Amino acid sequence: MHRRIIAPGALAAASLLLAIPASAASFAPGAPGIGDPYYPKYGNGGYDVSHYDLRLQYQPGTDELQGTATVLATATQDLSSFDLDFLLDVSEVRVNGAKAAFTTSGEHELVVTPRTPLAKGTRITVVVRYSGVPSTKSAYGFSTWHRTPDGAIAADEPESAWWWFPSNDHPSDKATYDVSVAVPDGTQAISNGTLASTSSKLGWTRYNWRQDKPQATYLATLALGRFDITTSTSDGGVPVINAYSEDLGANEGAARASVERTGELVDWLSGYFGPYPFSSAGGYVPNTTTGYALETQTRVYYSPKQFASGSNTSVVVHELAHQWYGDHVSLKGWKDIWINEGFARYAQWLWSEHEGEGTTRELADYVYASHPADDPFWTVEPGDPGADAQFDVAVYDRGALAVQALREEIGDDAFFAVLKGWPEKHAYGNASVADFRRYAEQVSGKPLAALFDTWLFQPSKPEARGPASPTRSLAAKAAQPESWKKIEATNGVHAH
């Protein structure tokens with residue numbers, strides 16, 4: 001027998017090799033963008049967030065915000081470092097209990113390097129301590145933090161989180177939330193979901209809000225100021241929380257007359273879209289100078305300007321429809337915006353018909369006839385409009401025409417089955433326009449590729465042809481439906 005002799009130095013080297021994981025070479029930084037072609041630098045790669053716990057303190061007089069964010073996530077690759085989207089000043093970061101190195105990069109990236117690399121599948125707890133004055137921060141030339149006479153609000157699309165909490169800021173990474181905010185007595189803090197508790201101590205009141213269903217980061221909202229808060233329950237059993245700044249002036253009556261119908265409208269929309277998917281509904285109207293509204297999940301943001309010409313339940317219908325189409329089922333990528341806006345606009349058309357102010361057919365006829373073939377309106381492709389045209393009026397109006405075209409093609413029975421079945425099919429998840437087409441084909445039993453291409457992906461005006469066309473009854477000019485002015489008032493509601 002011949003025994004192999006190994007020198008001591010070689011033995012030590014072999015032992016060291018055995019101690020190093022075979023995958024060590026695979027550890028790499030997570031991408032600084034999630035890969036969305038519309039916004040390449042938004043979101044981050046390498047991890048998936050499951051929960052945000054935000055403990056904040058806000059001083060309305062100086063706009064100073066202090067916070068500790070605890071982010072629960074799972075590594076989706078072997079990570080040597082990872083990014084969070086954030087703008088405020090960070091004093092400390094911990095990863096799984098240990099202090100981590102951090103730096104900033106680009107316009108809005110916080111780069112975190114944990115003490116120990118993170119293997120794929122590792123559960124991660126990231127704690128970020130921070131402070132700053134959000135109104136002094138901007139990125140890419142804009143800010144989504146809006147000061148009010150008595151505080152501030154965070155509400156914007158496609159981004160607003162960077163100004164108040166570190167996040168993976170892309171709708172494909174949804175998470176649950178606990179938002180706890182301390183403000184001086186007399187000031188209120190409003191956020192998404194349900195108010196779990198309040199407490200007061202030494203001149204400060206803390207509000208604890210919980211969103212227990214997955215929520216995209218751009219749908220997280222924070223309102224800080226003096227509000228009159230109303231609570232009620234819809235006939236369908238949905239708790240409703242609404243809030244109004246105390247200084248809305250001439251717009252106050254119209255705002256209340258509109259937003260206070262939230263419970264009624266949630267119940268009405270449930271008849272089309274299925275059971276309301278969240279623990280509460282409602283909206284808030286702060287004293288801001290912005291002109292848009294936004295479907296912030298369960299707690300819709302409305303600008304007072306939405307009610308400058310009187311009450312407008314149509315805009316409330318639009319934003320509440322998003323609770324199903326946009327919030328419950330969120331887009332996979334920003335190019336899928338048609339699923340959000342086309343169906344929210346179509347809900348307004350359905351409401352118009354319900355109110356006797358113009359049928360969906362009359363509205364389709366009017367929109368089609370209002371835009372001649374050489375109108376740039378038809379060059380926008382709602383199925384993939386591009387970042388610059390993401391909130392163009394064509395995404396809303398041509399988008400709703402596409403919905404009407406689908407209804408005409410597959411018939412009412414299949415259409416309303418699709419309308420109600422879609423939120424259930426992708427409950428609390430994400431989906432694309434392609435996913436929607438396949439689902440509509442499955443329910444209707446009809447091939448729909450040509451119809452979707454014509455109405456969503458061609459930069460030209462579709463021809464009016466045949467009895468199944470949504471433009472079948474058009475003359476050269478169609479009468480303006482009574483509801484049109486209210487519907488038109490919501491154009492560009494999501495523009496910066």
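All values reported here derive from a predicted model rather than from experimental measurement.
Closest approach of R345 to Y396, counting heavy atoms only: CG-O, 3.4 Å. Minimum interatomic distance between F307 and A254 (heavy atoms only, all atoms of both residues): O-CB, 3.6 Å.
Taking the six-membered ring where the residue is Trp, H354 and W268 present tilted rings, their angle falling between 30° and 60°.
Residues W162 and Y42 place their aromatic rings such that the two centres sit under 6.0 Å apart. Checked against the 6.0 Å centroid criterion, the rings of H170 and Y39 do not qualify as a close aromatic pair. The distance between the ring centers of W334 and Y218 falls below 6.0 angstrom. Two rings, from Y272 and W324, have their centers 6.0 Å or more apart. Ring to ring, F165 and Y52 are close: their centroids are under 6.0 angstrom apart. Aromatic ring centres of F436 and W338 lie closer together than 6.0 Å.
Summarising the local packing, NZ of K137 is surrounded by more than 12 heavy atoms from other residues, nucleotides or ligands at distances under 6.0 Å. Atom CG of D388 sits in a sparse spot, with 12 or fewer heavy atoms from other residues, nucleotides or ligands closer than 6.0 Å. Crowding of K174 atom NZ: a count of heavy atoms from other residues, nucleotides or ligands under 6.0 Å exceeding 12. More than 12 heavy-atom neighbours from other residues, nucleotides or ligands sit within 6.0 angstrom of CZ on R261. Within a 6.0 Å sphere centred on CD of E424, other residues, nucleotides and ligands contribute 12 heavy atoms or fewer. Heavy atoms from other residues, nucleotides or ligands lying under 6.0 Å from CZ of R147 number more than 12. Within a 6.0 Å sphere centred on CZ of R206, heavy atoms belonging to other residues, nucleotides or ligands number more than 12.
Looking at T233 and V240, their side chains never come closer than 4.5 Å, going by heavy atoms from C-beta outward. Between D78 and L118, the closest side-chain pair of non-hydrogen atoms is not below 4.5 Å. Taking 4.5 Å as the limit, every side-chain heavy atom of F27 sits out of range of all side-chain heavy atoms of L79.
In this structure, D178 pairs ionically with R210, as a charged nitrogen and a carboxylate oxygen lie closer than 4.0 Å. Note on K486 versus E488: no salt bridge recorded, every NZ/NE/NH1/NH2 to OD/OE distance being 4.0 Å or above. Taking the charged nitrogens against the carboxylate oxygens, R256 and E252 do have a contact shorter than 4.0 Å, which makes a salt bridge.
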Q | Stepwise side-chain hydrogen bond (donor to acceptor under 3.5 Å, both in side chains) check, N192 with T298 | A | CA-CA 6 Å; N192 312 83; T298 69; 4.6 Å; no

(Q) Set out, in order, the CA-CA distance, both residues' side-chain angles and the distance that settles side-chain hydrogen bond (donor to acceptor under 3.5 Å, both in side chains) for T176 and Q215, then state yes or no. (A) CA-CA 6 Å; T176 54; Q215 175 175 280; over 6 Å; no

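The side-chain tip of K213 points at the ring of Y428 from less than 6.0 angstrom away and within 45° of straight on.
Every pair passing side-chain hydrogen bond (donor to acceptor under 3.5 Å, both in side chains) that includes a residue from residues 278-289 is listed here, sequence neighbours excluded: T194-S279, T221-Y284, D247-N287, S280-R299, T288-T290, T288-Y301.
Residues forming a side chain to side chain donor-acceptor pair (under 3.5 Å) with T230 (at least two apart in sequence, or on another chain): E260.
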